[in-house]
There are 2 protein chains.
Amino acid sequence: MADLERQPHSPAPDSPGEPSAELAEAAARLRVLTGALMRRLRAAGEGSGVTLSQASVLSRLDRDGPATTVALARAERVRPQSMGATLAALEETGLVERSPHPSDRRQAIMSLTGEGRRQLADVRRTREGWIARALAERLDERERAVVVEALGLLSRLTEED
Amino acid sequence: MADLERQPHSPAPDSPGEPSAELAEAAARLRVLTGALMRRLRAAGEGSGVTLSQASVLSRLDRDGPATTVALARAERVRPQSMGATLAALEETGLVERSPHPSDRRQAIMSLTGEGRRQLADVRRTREGWIARALAERLDERERAVVVEALGLLSRLTEED
DNA sequence: TATTGTTATACTCTATAACTATA
DNA sequence: TATAGTTATAGAGTATAACAATA
């Protein structure tokens, strides 16, 4: 793997409107990191009974309380159709339940069941557990603070339209 | 969306072997952020002719030079079969080409074509461009430094077995 | 007309299993 | 036996388009 001939990098374009080479490099690293994290998260939850997007919805219902399909889709930044599919799977396995909206009969309020809460505790142990453990064991206090601040900054960047 | 009744959080478990509530919170935020970034990256490259994983491979071939399927799979942390599919698509559209390994006839060396290089420049403008621009325009100098350091720290966490 | 939600369909990404060819 | 790579198949995740019911 290391004995292959090297090719030079493409020359940095750096024309007026372009971002600096350092920022382009940071962007590329963020792209790679995102893919790696995604695969780690998926792998960490294998055989747990809930998929990654299902786990995300359970987590949100616990944090923010019962909500409609469209509200959940907006919160998770997916299409209502995608959220509908995720919720249908959760409902079928009894982790969430729907109740009618008091005044608007188009809407249905989705909420966690007791079993959903139990599964969520499991998700937190297994899927998010490796991240929490890695943060605890492999970073020092200052590094953890850096990561936590970066989470806030990057979330801000993804949340604007 | 805001008029729905609130439910309290689940009580924090915090038993001896468990990570602290703050780290669990950070882990959950990282999970959400990862999903959001993934979707943004995918959406940013729509209609560009190359998919996200293809773009990732083009980028790596440019950075590290020609490589075999297995080497690329290891570098991108996917199975050789998954990498094989990505490379087959890139080869079919003429963005990479294969040449025989000088001594081992099982192996094939994949490298960027001229067209692959052109596409890569495009990918950098479009797909990574929004990140680079967001970093440049919406963060100040210190915040950018925090993000860059966090990228390194988190990459370290994903890279260990 | 606008909004909520569903159904149908398709594509990307990745995985496992089973195989061939070469070392 | 071990390694490089391919083929076949499946599941997760998401999207767009078209629709029905309700507001």
Side-chain angles (χ1 to χ4, degrees), chain A residues 1 4 31-32 34-57 67-93 96 98-110 127, chain B residues 1 4 31-32 34-57 67-93 96 98-110 127:
Chain A
M1 180 152 119
L4 298 173
R31 178 180 49 65
V32 171
T34 300
L37 280 170
M38 204 68 189
R39 286 186 292 268
R40 277 298 282 255
L41 283 166
R42 204 185 309 118
E46 262 171 10
S48 74
V50 293
T51 67
L52 187 53
S53 57
Q54 287 170 22
S56 200
V57 169
T68 66
T69 301
V70 167
L72 286 168
R74 263 198 292 261
E76 296 278 319
R77 314 203 126 232
V78 298
R79 304 289 151 181
Q81 299 97 314
S82 305
M83 184 52 67
T86 302
L87 287 170
L90 285 170
E91 201 181 358
E92 190 165 11
T93 50
V96 305
R98 71 177 58 211
S99 44
H101 189 283
S103 62
D104 185 341
R105 282 189 306 165
R106 291 173 307 180
Q107 299 185 38
I109 312 293
M110 312 300 301
R127 203 186 294 268
Chain B
M1 185 152 110
L4 298 172
R31 177 180 50 65
V32 171
T34 301
L37 280 169
M38 204 69 188
R39 286 186 291 268
R40 276 298 282 255
L41 283 165
R42 201 183 314 116
E46 261 172 9
S48 75
V50 293
T51 67
L52 187 52
S53 59
Q54 288 170 20
S56 199
V57 169
T68 67
T69 300
V70 167
L72 286 167
R74 264 199 291 263
E76 297 276 322
R77 316 203 124 232
V78 297
R79 304 289 151 179
Q81 299 97 313
S82 304
M83 184 53 67
T86 301
L87 287 170
L90 285 169
E91 201 181 358
E92 190 166 8
T93 48
V96 305
R98 71 178 58 211
S99 45
H101 188 283
S103 63
D104 185 341
R105 281 188 305 163
R106 291 172 307 179
Q107 298 185 38
I109 312 294
M110 312 300 301
R127 204 185 294 269

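Residue numbers begin at 1 in each chain, while the letters A, B, ... track the order of the sequences.
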Could you tell me whether the phosphate oxygens of [N], OP1 or OP2, come under 4.0 Å of any side-chain nitrogen or oxygen in [X]?
X: A/Thr68; N: C/dG5; value: yes
X: A/Thr51; N: D/dG13; value: yes
X: A/Arg98; N: C/dT6; value: yes
X: A/Ser53; N: D/dG13; value: yes
X: B/Arg105; N: C/dA21; value: no
X: B/Arg79; N: C/dT16; value: yes
X: B/Ser82; N: C/dA15; value: yes
X: A/Arg39; N: C/dC13; value: no

Problem set entry | Spatial distance of atom NE2 (A/His101) from atom CZ (A/Arg106) [nearest 0.5 Å] |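 Between A/His101 NE2 and A/Arg106 CZ, I get 9.5 Å after rounding to 0.5 Å.
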For this session: Tell whether B/Arg106 reaches the base of D/dT3 with its side chain through a donor-acceptor pair below 3.5 angstrom.
Result: yes
Exercise. Which nucleotide sits closest to the side chain of B/Gln81: C/dA15, C/dG5, D/dT6?
Worked result: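 Closest of the options to the side chain of B/Gln81: D/dT6.
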Problem set entry | Nearest listed nucleotide, side chain of B/Asp104, among C/dT6, C/dA23, D/dA15 | C/dA23
Exercise. Do B/Gln107 and B/Val70 touch side chain to side chain, with heavy atoms closer than 4.5 Å?
Worked result: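 Not touching, per the 4.5 Å side-chain cut-off.
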For this session: State, yes or no, whether a side-chain contact exists between A/Met38 and A/Leu52 at a heavy-atom distance under 4.5 Å.
Result: yes
With a non-hydrogen cut-off below 4.0 angstrom, is [X] in contact with a base, only sugar-phosphate, or nothing?
X: A/Ala88; result: nothing
X: A/Ala43; result: nothing
X: A/Ser56; result: nothing

May I have the distance from [X] (atom [atom1]) to [N] (atom [atom2]), rounded to whole angstrom?
X: B/Met38; N: C/dC13; atom1: CE; atom2: P; result: 8 Å
X: A/Arg40; N: C/dT14; atom1: CZ; atom2: C1'; result: 16 Å
X: A/Leu72; N: C/dT4; atom1: CG; atom2: C1'; result: 13 Å
X: B/Leu87; N: D/dA4; atom1: CG; atom2: P; result: 15 Å
X: B/Arg42; N: D/dG13; atom1: CZ; atom2: P; result: 11 Å
X: A/Gln54; N: D/dT14; atom1: CD; atom2: P; result: 11 Å
X: B/Met83; N: C/dA15; atom1: CE; atom2: C1'; result: 14 Å
X: A/Gln107; N: D/dA20; atom1: CD; atom2: P; result: 21 Å

Seminar exercise, completed: Taking every heavy atom of A/Thr69 against every heavy atom of A/Gly84, the minimum-distance pair comes out as CG2-N, 4.1 Å
For this session: Please report the shortest heavy-atom distance between B/Leu41 and B/Arg127, naming the atom on each side.
Result: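 Minimum heavy-atom contact is O-NH1, 3.0 Å.
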Exercise. Quick check: does any side chain N or O of A/Arg98 sit under 3.5 Å from a backbone N or O of A/Leu87, one acting as donor and the other as acceptor?
Worked result: no
For this session: Name the residue closer to the 5' end of DNA chain C, choosing between A/Pro80 and A/Gly35 according to the nucleotide with the nearest heavy atom.
Result: A/Pro80
